[in-house]
> 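Here's a structure for you.
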Amino acid sequence: VQGHIDCKVDGEVVDIKTASNYAYKKFSEQTLRDDDPFGYIAQLSGYEEAEGTTEGGFLVINKETGQLCLYQPGESQ
């Protein structure tokens, strides 16, 4: 599987995503676990396993409005 970690902030993996308004809501409303067609949770889990972290997350930019949110799924990945 190819991929790379976008960045680490304070020692935690942070994956940067741009999203439509519809997709952005999954992150900002913390419902991504219920509907994750692109496997973002699995991707983050793999990065965290490799790095030995548990509090990583997604920094998401709404490409329609410019809003930002940080979604941290937590240890229940």
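What's counted below: heavy atoms across the whole structure, side chains too, no hydrogens, waters or symmetry copies. Not measured: the values here are computed from a predicted model. Just so you know, residue 1 is the first one in the sequence shown, and it goes up from there.
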> Would the distance check show the side chain of Thr31 and the main-chain N or O of Asp34 forming a donor-acceptor pair, the cut-off being under 3.5 Å?
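Checking the backbone N and O of Asp34 against the side chain of Thr31, no donor-acceptor pair under 3.5 Å is found.
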> Within the supplied structure, the quantity of interest is the number of heavy atoms (other residues, nucleotides, ligands) at a distance under 6.0 Å from Glu49 CD; does it exceed 12?
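Atom CD in Glu49 is not crowded, with 12 or fewer foreign heavy atoms closer than 6.0 Å.
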> Heavy atoms, side chains only, cut-off 4.5 Å: are Asp15 and Gln43 in contact?
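With C-beta onward as the side chain, the pair touches.
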> Return the CD to SG distance between Glu12 and Cys7, rounded to the nearest 0.5 Å.
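Going from CD on Glu12 over to SG on Cys7, the span is 11.5 Å.
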> Applying a strict under-4.5 Å side-chain criterion to I, L, V, M, F, W and Y, I'd like to know whether Val14 and Phe38 cluster together.
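No.
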> Of all heavy-atom pairs between Pro73 and Arg33, which one has the smallest distance, and what is that distance?
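Minimum heavy-atom contact is CB-NH2, 3.3 Å.
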> How long is the span from the CD atom in Gln30 to the SG atom in Cys69, to the nearest 0.5 Å?
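Answer rounded to 0.5 Å: 8.5 Å.
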> Does a donor on one side chain sit under 3.5 Å from an acceptor on the other, for Glu51 and Tyr47?
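Checked: Glu51/Tyr47 side chains show no N/O donor-acceptor pair below 3.5 Å.
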> Gln67 side chain to Ile61 main-chain N or O, any donor-acceptor pair under 3.5 Å?
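Looks like no, no N/O pair under 3.5 Å.
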> Between atom CZ of Phe27 and atom CG of Leu59, what is the distance when rounded to the nearest 0.5 Å?
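Going from CZ on Phe27 over to CG on Leu59, the span is 10.5 Å.
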> Can you classify the ring geometry of Tyr40 versus Phe58 as parallel (below 30°), tilted (30 to 60°) or perpendicular (above 60°)?
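Judged by the thresholds at 30° and 60°, the geometry between Tyr40 and Phe58 is tilted.
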> Can you tell me how far CG of Asp10 sits from OG1 of Thr53, rounded to the nearest 0.5 angstrom?
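Answer rounded to 0.5 Å: 12.0 Å.
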> Decide yes or no on side chain to side chain contact (heavy atoms under 4.5 Å, CB included) for Val13 and Leu44, but give the supporting numbers first.
CA-CA 8 Å; Val13 175; Leu44 180 64; 3.9 Å; yes
> Listed by chain and number, what are the side-chain contact (heavy atoms from CB on, under 4.5 Å) partners of Asn21, not counting sequence neighbours?
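Testing Asn21 for side-chain contact (heavy atoms from CB on, under 4.5 Å), a comparison that skips the adjacent residues, returns Lys25, Asn62, Glu64, Thr65.
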> Passes side chain to side chain contact (heavy atoms under 4.5 Å, CB included), Lys26 versus Asp35? Steps please.
CA-CA 8 Å; Lys26 292 180 186 183; Asp35 185 16; 3.0 Å; yes
